[in-house]
There are 2 protein chains.
Amino acid sequence: MQSRTSAPRATGGRPRSATADAAILAATRAALVELGWSKLTLGDVATRAGVAKTTLYRRWAGKNELVVDAVAELFDELEIPDRGSLAADVEGVVLQFAAILARPEAKSGLMAVIAESVRDDALRARIRTSIVDRQKRLVLEGRARAQVRGELPPETDPEESARTTDLIFDVIAGTVVHRALVSAEPVDPDWARAFAKLLLNGLTASATA
Amino acid sequence: MQSRTSAPRATGGRPRSATADAAILAATRAALVELGWSKLTLGDVATRAGVAKTTLYRRWAGKNELVVDAVAELFDELEIPDRGSLAADVEGVVLQFAAILARPEAKSGLMAVIAESVRDDALRARIRTSIVDRQKRLVLEGRARAQVRGELPPETDPEESARTTDLIFDVIAGTVVHRALVSAEPVDPDWARAFAKLLLNGLTASATA
DNA sequence: AGGCTTTCGCTACGAGCCGTAGCGTAACCG
DNA sequence: CGGTTACGCTACGGCTCGTAGCGAAAGCCT
């Protein structure tokens, strides 16, 4: 996870407690659930985790970095099971993604750190590497499967392919986040099916519903 | 705009200064540009606006409500010019929306208040009425025009139509926000064209590029 | 064993911001 | 010209921040 502050990690000496790391991240998520981002304080997290506040500051630079690491762990469980068709695969991953976003610790934390990342390049890089980019594999897998099935044409230009991957990722992730957190409406199977149909067939074919 | 704290507005007495309202909102945007959300303090905004801190608290309940109103004004300039085709209309509104999001005061403020709205139903309602819902008219206009042109089939079920409108709105707004703020990549005409094509024709026709 | 290095828990501290109360003054209405 | 409300200003307790300084603990090496 490489969660800590980049440590010189000199040889010898007392090693950092690994259990403390886990306790702190768990305490952070618990605090996010109970208090939300704005009322979460590092002193409170330290108390919940049973460590001293100074220990927390020795490992993380601040609230932002801590919450990124605490939230990132939530997204590691994402998988894209083979459901037999591209449409079904899209629906599946949308529902999985939405299930994570429905958890209060994800809701409270994710948007807040993204908002903070607007003014903090290092933080945005951290978010990208530990959360966003890690999920792009799902798009790549899904496309590859669909091409094997013959649902999508094989790719020619690798650069064009990368651009398309980024576009698809922005569409799926952005749409689901907007539905769940801004519109605040449920991402249920019906909605996922309608979205997958739109994504595959486009607006002009929407009458073929 | 109905920005203020819902005031009983009793008759008689000294009326609230209208210029102060504008000065405060402008000062809030300036502070967002210079400091960003997290370092913005109400005392600083009051000083910038040339009003007392207490005046600010008499009109807004807190930082969240103030920033929502300050940011909401930015989105009122959105229009959807008739460019002759649905694809061109989509590209146009995407670029307009992105231009607003590119402004630092919008970047810093919008995501932060959305994050806060996760734990504050009243705030989310305020965001919806003063920002989100107000822009759905663009989707309705664009669809109506496309139907007149014959690019989209006329609608039958009004309930189904409303669901589709919401879906399209989530897709466009969510995707653009994700591209601009999370991926942090430029929303330029090339990208807008690719996105519009995907939205209209769907993934399966992407080879027809 | 002994020594070295690093982490840990604890306490304390100045600094900054919050949100409110209290007061006298200014602006508008009938 | 009274009545009513908004305004500017000051001051305050309370909270969180992030850091410093200490003694103790935990592991690695010879």
Side-chain angles (χ1 to χ4, degrees), chain A residues 3-28 31-32 34-67 108 112-113 116 119-120 122-123, chain B residues 2-25 27-28 31-32 34-67 108 112-113 116 119-120 122-123:
Chain A
S3 54
R4 337 172 145 69
T5 290
S6 57
R9 235 49 204 92
T11 168
R14 174 177 178 175
R16 285 186 172 173
S17 164
T19 59
D21 250 58
I24 291 173
L25 291 177
T28 302
L32 277 176
E34 289 184 27
L35 307 173
W37 162 269
S38 56
K39 294 187 178 177
L40 179 150
T41 71
L42 294 195
D44 180 59
V45 170
T47 304
R48 288 170 188 261
V51 300
K53 189 172 61 163
T54 46
T55 299
L56 215 155
Y57 275 103
R58 288 191 190 102
R59 305 193 183 195
W60 282 277
K63 193 168 161 178
N64 292 335
E65 291 76 9
L66 174 61
V67 172
S108 305
V113 293
E116 289 297 308
R119 308 209 107 243
D120 185 339
L123 182 62
Chain B
Q2 199 60 16
S3 55
R4 336 173 146 70
T5 290
S6 57
R9 239 42 207 97
T11 168
R14 176 177 176 175
R16 285 187 173 171
S17 164
T19 60
D21 251 57
I24 291 173
L25 291 177
T28 302
L32 277 176
E34 288 184 27
L35 307 173
W37 163 268
S38 56
K39 294 187 178 178
L40 178 149
T41 70
L42 294 195
D44 180 59
V45 170
T47 304
R48 288 170 188 262
V51 301
K53 190 171 60 162
T54 46
T55 298
L56 217 156
Y57 276 102
R58 288 188 189 105
R59 304 192 184 196
W60 283 277
K63 194 168 159 177
N64 293 335
E65 290 76 9
L66 175 62
V67 172
S108 304
V113 293
E116 289 297 308
R119 310 209 106 244
D120 186 339
L123 183 63

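Reminder, nothing fancy here: chain letters follow the sequence lines and each chain counts from 1. FYI, side chains are in, hydrogens and waters are out, and symmetry mates aren't considered; it's all heavy atoms of this structure.
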Student: If the threshold is 4.0 Å, N to carboxylate O, is there a salt bridge linking A:R16 and A:D21?
Tutor: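 Salt bridge: no.
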Student: In whole angstroms, how far is the C1' atom of C:dG9 from the CZ atom of A:R59?
Tutor: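 Distance, rounded to whole Å: 13 Å.
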Student: How close do A:S108 and A:W37 get, counting heavy atoms only, and between which atoms?
Tutor: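 Closest heavy-atom pair between A:S108 and A:W37: O-CB, 3.7 Å.
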Student: Specify the closest pair of heavy atoms between A:A49 and A:A23, including all atoms of both residues, with the distance to one decimal.
Tutor: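 Smallest interatomic distance, heavy atoms only, reads CB-O, 3.7 Å.
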Student: Looking at NZ of B:K63 and OG1 of B:T41, how far apart are the two atoms once the value is rounded to the nearest 0.5 Å?
Tutor: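 These two atoms lie 7.5 Å from each other.
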Student: Consider the side chain of B:Y57, meaning its heavy atoms from C-beta on, and name the nucleotide among D:dC7, C:dG9, C:dG19 that approaches it most closely.
Tutor: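 In terms of side-chain proximity for B:Y57, the closest of D:dC7, C:dG9, C:dG19 is C:dG19.
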Student: Determine the sole option in B:V45, B:V67, B:L25 for which the side-chain contact (heavy atoms from CB on, under 4.5 Å) test with B:W60 is passed.
Tutor: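 The option that passes is B:L25.
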Student: If you take all heavy atoms of A:G43 and A:K53, which pair is closest and at what distance?
Tutor: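 The pair with the smallest heavy-atom distance is CA-CD, 3.9 Å.
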Student: Checking side-chain contact (heavy atoms from CB on, under 4.5 Å) between A:L42 and each of A:T47, A:L66, A:I24, which is the one that passes?
Tutor: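 Per the side-chain contact (heavy atoms from CB on, under 4.5 Å) rule, the option paired with A:L42 is A:L66, out of A:T47, A:L66, A:I24.
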Student: Taking N or O atoms only and anything under 3.5 Å, show me the protein contacts with nucleotides 21-25 of chain C, one pair per line.
Tutor:
none

Student: Look at the side chain of B:K53 against the base of C:dG19 and say whether a donor-acceptor pair falls under 3.5 Å; ignore hydrogens and angles.
Tutor: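 Such a pair is found, so the answer is yes.
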Student: Does anything in residues 36-51 of chain A reach DNA chain D, meaning a heavy atom under 4.0 Å, and if so which residues?
Tutor: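 Correct list: A:T41, A:L42, A:G43.
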Student: Rounding to an integer number of Å, can you tell me how far A:I24 CD1 sits from C:dC8 P?
Tutor: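 About 8 Å, once rounded to whole Å.
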Student: What closest approach, in Å, do A:E65 and A:L123 show between heavy atoms, and which atom pair accounts for it?
Tutor: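 Smallest interatomic distance, heavy atoms only, reads N-CD1, 4.3 Å.
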